[in-house]
Structure formats: C-alpha cells, structure tokens
Amino acid sequence: MRLTATLLLPLLVLTTAAARAEEARPGFDQCLTGLQSLAEERGVPATARDALKDVSPDPAVLPATKTQAEFVRPVWDYIDASVTPEKIATGQAKLAEWAEVLGRIEAAYGVNRHVLVAFWGVESGYGTVLDDPKIVRPVIPALATLACQDGSRATFWRDELLGALTILGQGDADRDRMTGSWAGAMGHTQFMPSAYLKHAVDFDGDGKRDIWRSVPDALASTANFLKSHSWRSGEGWGQEVVLPDGFDYRLADETTERTFSEWAALGLKPAGAKAFPDGAERRATLVVPVGMRGPAFLLEPNFKVILRYNTALAYALTVAHLSDRLAGGAAFARDWPRGDRMLTNDERTDLQTRLEALGHPTGGTDGKVGPKTRAAIRAFQSAHGLVPDGYAEVGLLEKVRAASPAP
Ligand code: CA
C-alpha cells in the first residue's frame with residue numbers, strides 16, 4: 001500500500017537496534033497518554049482506546065523506515081523478485097480457485113481479475129506471509145512506535161494509528177487479529193488503516209470487512225480502492241514498446257499524453273504480441289525507467305491508478321507485469337542493463353543537490369529518484385548535448401559533478 005514497503009520486501013534491518021527502545025520508554029509512555037487523549041477527542045470508543053494500554057515500542061519498525069526497497073534496489077531486481085515462474089504458477093492456480101468470486105468482483109467493480117491477483121501476489125505472496133510472525137506484527141504497537149518515534153512523519157503515523165483504533169472500535173477486527181507490516185499495512189492486499197476505512201468492503205456477506213482472513217473481502221476491497229481512484233474498466237495499464245532509431249528521448253517525459261495513433265506516427269511499435277489498442281482515442285505517456293538501454297513503456301491512465309497503491313515506479317511495473325504474465329503474456333522483450341551499478345543513497349542525494357544547484361529542480365534531495373528527478377536529469381542532459389533519457393547512473397553523476405561549480 002502507498003507509502004509503505006510491502007510485506008514481502010526483505011526486512012534487512014529489522015533485527016537491529018533492539019536496545020534503543022527501552023531507553024526511550026518514559027517518553028514513549030507520555031506519548032501514548034497524549035495519543036489516548038487524542039483518540040478520545042476523535043470519538044474512538046474506550047474499548048478500542050484500551051488497545052493503547054501496555055503497548056511497548058516495536059524495535060523493528062524505526063530501522064525499517066530507512067529502507068524502502070522499491071527505491072533502493074534496481075527496478076529489475078524488484079520485478080525479478082516478484083515475477084517468478086513460481087509466483088506466476090501460484091497466481092494462475094489462485095485465478096482458477098477463486099474464478100467465481102473474481103467474476104463477481106469484476107462485475108461489481110470493473111477491475112480485471114489478473115490485476116487484482118497480481119496485487120495479491122506482490123503484496124503478500126497470495127497471503128502466504130500473513131501467518132509468519134517474523135514478517136507480520138501487531139499493528140497497534142507498530143504504528144504507536146512510528147507515531148511516537150518517527151519525528152519526520154509523526155502526523156501521518158498518528159492519523160494511521162487513530163484509524164487503526166477506529167477499526168477496532170467498529171468491531172471489524174479484534175486487537176489480536178489486527179496484524180500487518182512494520183508500517184501498519186494490513187491483510188492480503190496490505191491496506192493502511194486510512195485506506196481500510198475508506199475502501200474496505202464486506203464481499204462474502206458475513207457482516208465484517210475482514211481483509212485478514214477473507215480473500216473475497218480483500219480482493220473486492222482492492223477492486224473498490226482502484227475503482228474509487230478512477231480505474232478504467234476494459235482498459236489495460238499500458239504496454240512495452242520499441243522506439244525507432246534516433247528517437248528524441250525528450251518525448252519520454254512521463255507526463256505528455258498522446259493517443260496511440262500519435263505515438264505510432266512517431267515511430268513507436270508494440271514490443272510484443274499485444275497490438276496497440278483499437279480506438280484511436282486511448283492515450284498514454286512514454287516512460288523509459290532506466291534510459292535508452294532498457295525497455296520503454298507506454299503507460300495508460302490505469303497505470304497511475306496502480307501508483308496510488310504505492311508511488312514507486314518499480315512497484316507499479318511489477319504489479320502491471322505480473323498481471324500480464326498471469327494472463328499468459330510474455331516477459332519483457334528488452335532486457336534491463338543488469339550490469340549497471342546502482343547509485344548509493346549518498347550518490348543519489350549528491351546528484352539531486354548538484355542538479356538543483358545547476359538550476360534543474362528535483363523536487364527534493366531525499367535520495368529517491370522519482371519523476372521530478374528524472375525530469376531534472378533530462379534537462380541537464382539536453383543542456384549538455386547528451387541523450388536526454390533521464391537515467392540516474394554512474395556516468396551521468398560524473399558528468400553532473402564535472403559540470404558543477406567548485407565548492
Ligand atoms: Ca466479510
């Protein structure tokens with residue numbers, strides 16, 4: 001779910017820093033008292049507020065905030081880890097097992113079953129990790145720790161914690177069952193509490209919105225989330241394309257929408273067997289996630305809806321690609337530049353800082369390369385006679401450093 005790592009990401013650092021939590025205990029208790037008052041002000045019933053009593057800080061969650069794998073690992077690592085032959089085979093078995101329910105969800109929400117099952121696979125391995133205590137933890141202590149100890153986003157975490165308490169108060173889950181990721185993302189398709197309150201549905205008709213134990217509830221909730229964010233029924237996410245020789249990479253700006261006919265007139269062709277959609281009016285943007293040496297994609301509006309679940313391009317491409325593979329589609333035609341060394345976090349921050357200083361705004365210097373940083377790179381590349389493909393790699397960083405004024 002958005003702003004969080006999914007459950008399946010490697011919890012590289014979750015075992016460290018266990019000692020600090022006890023030292024912070026007095027401040028933590030004071031913080032809990034404040035949260036209880038706030039919960040009361042917001043109308044959370046006393047029975048639910050009791051869940052904050054005797055909560056201890058969860059020492060694993062703060063370190064986890066420092067590593068969001070979809071921003072740190074190369075995009076192909078992320079896709080390779082989640083789109084494996086095993087995951088495709090298991091997903092296809094799930095499609096068969098839940099065919100009747102998925103048919104009813106498609107009819108009710110207009111979201112394609114392969115996309116829903118892809119979210120399920122990426123978010124929780126089709127639910128297999130939900131019973132793993134090494135990965136899944138009680139949500140209230142995790143969110144209380146973040147609300148009290150992650151100063152940079154305390155307000156966000158506090159609101160999610162109050163949301164979790166509200167869910168308890170509504171009786172949809174009890175405290176023991178309410179488990180999730182370190183960031184409080186819950187159930188088969190990893191809803192944050194705020195998303196749960198807005199979008200979770202009871203699809204199996206037992207009176208509870210149980211995204212933890214009911215696959216129909218979880219998948220229909222995800223469909224409802226996507227529909228609420230303007231999923232376009234009958235349309236796909238987009239497709240891989242082949243660019244013509246000598247292509248002007250400034251057109252791959254991730255924002256300018258053109259019809260497929262217009263893209264075809266610019267020389268773009270489908271990379272695989274999937275033809276461009278009929279009906280000349282469907283529009284897409286062009287994205288080259290790792291520049292001219294990797295695959296290129298025309299992305300339709302539904303891809304932006306996938307990004308509402310999690311803002312990382314690598315995440316959304318993974319869900320999109322897994323959905324195609326579940327439907328019998330092929331692997332990407334063009335391989336990734338797998339030999340490339342990834343920039344470290346410090347290097348990416350340095351790159352952003354220098355681009356900003358050179359007059360190319362990156363939308364922040366947090367070490368996370370998103371659309372704004374890629375746009376800044378393209379602007380730098382254009383200004384220096386380079387192919388403007390927006391790819392943050394080692395050679396590019398060297399050129400930016402060379403162009404930077406001496407400190
Ligand atoms: Ca239910």
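Just so you know, ligand 1 is whichever comes first in the structure, and atom 1 is the first atom listed for that ligand.
Its N, O or S atom nearest to the Ca ion (ligand 1) is what matters here, and for Asp217 that atom is OD2. In Asp202, the N, O or S atom that comes nearest to the Ca ion (ligand 1) is OD1. Looking at Asp204 and the Ca ion (ligand 1) together, the shortest N, O or S contact belongs to OD1.
For the pair Glu254 and Arg374, the salt-bridge criterion is met [side-chain N within less than 4.0 Å of a carboxylate O]. Checked for salt-bridge contact, Asp253 and Arg250 miss the test: no charged N lies under 4.0 Å from a carboxylate O. Under the 4.0 Å criterion applied to side-chain N and carboxylate O atoms, Arg42 and Asp159 are assigned as salt-bridge partners.
Put simply, Lys208 gets within reach of the Ca ion (ligand 1), with an N, O or S atom under 3.0 Å from it. For the Ca ion (ligand 1), the N/O/S atoms of Asp206 include one lying under 3.0 Å.
With a 6.0 Å cutoff to the six-membered ring centre and a 45° limit on the axis angle, Lys274 counts as a cation-pi contact of Trp237.
More than 12 heavy-atom neighbours from other residues, nucleotides or ligands sit within 6.0 angstrom of CZ on Arg258.
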